[in-house]
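Remember, it's a predicted structure, so these values are computed and weren't measured experimentally.
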Amino acid sequence: MPLSIYNTLSRQKEEFKPIHEGHVGIYVCGPTVYSHSHIGHAKSYISFDIIVRYLRYLGNNVLYIQNITDVGHLTDDADEGEDKLIKQARIDRVHPMQIAESITRSYFDDMDKLGIERPDISPRASGHIIEQIEIIKKLLANGHAYEVNGSVYYNVQKFKNYGRLSGRVLEESVEGTRVETRSEKRHPADFALWKKAESGHIMRWPSPWSEGFPGWHIECSAMSMKYLGETFDIHGGGMDNQFPHHECEIAQSEAATGKPFVNYWVHNNLVTVNGKKMSKSLGNFVTLKDAFKKYDPIVVRFFILQSHYRSTLDFSDEAVQAANTGFDKLMNTIRNLREELMKAETEQRTSGSAFDCSPYRKHFLEAMDDDFNAPLAVGVLFDLARETNHALNSGQKLSLDALKQIDLLFSELGGTVLGIIPDQIGTAAGDTKTESRLMDLFINIRAEVRKQKLWTISDVIRDGLKAVGFIIEDKKEGTIWRKIQ
RNA sequence: GGCGCCGUACCCAAGUGGUAAGGGAGAGGUCUGCAAAACCUUUAUGCAGCGGUUCGAAUCCGCUCGGCGCCUCCA
């Protein structure tokens, strides 16, 4: 079954065919770096991380571009408000670029923790002013834009496909809008390509029209086309960017080049808190730094992957907690599997029962091929875990080859593709030799008192070790231990 | 007002025509000195409600009720 992707342009799943077979160009709208990332960013960038990882897993050579917006969009009204970065900088009494730089670092730090692979290129909007100006020049030359008082606006009425992506009709959308019509624009839906800077505006660049700054859609057109070409395969972003941002991107890009801009538009759905959208303006957002104080970042990743990228995800402590428990169980299976594998390797096991991995791989791939259905794929991992546990506890040993196969499958599907199974899990090996020796000592003492049926002492040792972070489990083959993470 | 999405067990959540994945929680059991872990069994004759199409619908169509998103910035 070929890979199919839900394309916002056609509002249906389509078989994915890249422009050049084996090569995929993907652009995803990155963050505006003026405040720390929140759970919504995590959902979005994990979604696209999975998409990129899976495309690569299928053998594609993927070029993944994700911008950093450090010019700042505009608050309040789309074209007339105050630059967010500048506003934050004024509050903090620093240069706007300081904010941009420190938040960019914070962003990468959070994303790294979530196991998100970095984009191949993270272009900064401020580093591509020239490219943006070039597009604006083209649009002015072919009559799709007009200049007023040093600012340049895009003439929406001249682009017949405007509204195709978001499914709205120009006249209707203008009628119901709450934005007041401002004087400079010929049509209320026209948007700024270049804005002349007022006297107090710190971030400004020279241009043929005025000293100013670029509009808030043009950066993505400039940077995506610079690195991926005038027509490319996939453009992604949050659903809230569908209109007007992506609609405007299409309009200005296609008007400038005369070519189709993007073949597949992919939008991830949003995170809600108590059923309400998490957003800056509502002030109900959960920053990742706060979330990481309570949960292991990998658990946050796992939680997000348990729902589909096109579904909304309601964030609550109970839900993450439940995911945490489930995740721990999965890791337990992996840990037990790897310990058994190590054992089989040291004893050079030559016999043992076989294990058929193929149905799990098949189901997993089918799930991912169907518009990256990660939650279904996670379900397959749990099915595999159950059968693995079953085999591990059945009494008859698995062959070395079978153990290797299972481990490979978990590593490949859960590790390489989904990024939720680490190569190394905290095992009985412990951090240090001393730790390991001490634990062996405790276990030996406890084994001795258990032999004498001194259960209270035995339990004191077990409870005491748990209190300082070591779990003890008595198994048939002996006592094992591990650290609480 | 325009455009669009969603409503599946106690909770989260897959499932777009063929007879309800998975996770959490709960109940019973196996194992164990007891725990823990693991395994087995169990929890929706029904998928917001009502009609319709069909041999067959959670899945398609219509209406009703409820929740949400976009049309200002936001992933």
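Look at the P atom in both B:rC68 and B:rU16: the space between them is 26 Å, to the nearest Å. Annotation: B:rG46 and B:rA20 have their C1' atoms spaced 8 Å apart (nearest Å). With both ends at atom P, the span from B:rC73 to B:rA37 equals 49 Å, rounded to whole Å.
Here B:rA9 sits opposite no nucleotide as a Watson-Crick or G-U wobble pair (both hydrogen-bonding atom distances under 3.5 Å). Using N1 to N3 plus N6-O4 or O6-N4 for Watson-Crick, or N1-O2 and O6-N3 for G-U wobble, each under 3.5 Å, B:rA20 pairs with nothing.
A:F470 does not carry A:R482 over the face of its six-membered ring by the limits of under 6.0 Å from the centre and within 45° of the normal. No cation-pi contact links A:R186 to A:Y153, judged by a cut-off of 6.0 Å to the six-membered ring centre and 45° from its axis.
For A:D474, counting side-chain heavy atoms from C-beta on, the closest listed nucleotide (B:rC34, B:rA21, B:rA38) is B:rC34. Of the candidate nucleotides B:rC74, B:rC39, B:rG33, B:rC74 has the atom nearest to the side chain of A:N241.
Applying the 5.5 angstrom centroid cut-off and the 30 degree plane-angle cut-off, the aromatic ring of A:F382 is not stacked upon the base of B:rG22.
Counting distance only, with no hydrogens placed and no angle test, the side-chain atoms of A:T325 and the base atoms of B:rG23 include no donor-acceptor pair under 3.5 Å. Evaluation of atom-type donor-acceptor distances gives no pair under 3.5 Å for the side chain of A:D328 against the base of B:rG23.
In the model, A:S10 has a side-chain atom that pairs as donor or acceptor with a side-chain atom of A:E14 under 3.5 Å. Between the side chains of A:H245 and A:E249, at least one donor N or O lies within less than 3.5 Å of an accepting N or O.
Residue-level contact check: A:F48 touches neither bases nor backbone, having no heavy atom under 4.0 Å from any strand.
When the side-chain nitrogen and oxygen atoms of A:N269 are compared with OP1 and OP2 of B:rA75, none of them lie within a distance under 4.0 Å. OP1 and OP2 of B:rA38 both lie 4.0 Å or more from every side-chain N or O belonging to A:R386.
Aromatic ring pairs are classed by plane angle as parallel below 30°, tilted from 30° to 60° and perpendicular above 60°; the pair A:H267 and A:W265 is parallel.
Under the salt bridge (Lys or Arg N to Asp or Glu O under 4.0 Å) criterion, A:K475 pairs with no residue at all, not counting sequence neighbours.
Among the candidates A:R446, A:E448, A:K453, the single residue satisfying the side chain to side chain donor-acceptor pair (under 3.5 Å) test with A:S458 is A:R446.
Distance NZ (A:K276) to P (B:rG69): 6 Å, rounded to an integer number of Å. The distance from atom NZ of A:K475 to atom C1' of B:rA36 is 9 Å, rounded to the nearest whole Å.
Comparing A:K329 and A:N336 by the nucleotide of RNA chain B whose heavy atom lies nearest to each, the residue mapping closer to the 5' end is A:K329. Checking A:Q242 against A:G167, the closest nucleotide of RNA chain B that is more toward the 5' end is the one next to A:G167.
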Nucleotide-resolved protein contact map, nucleotides 6-14 of chain B, B/S/- at heavy-atom distance under 4.0 Å: -------SS
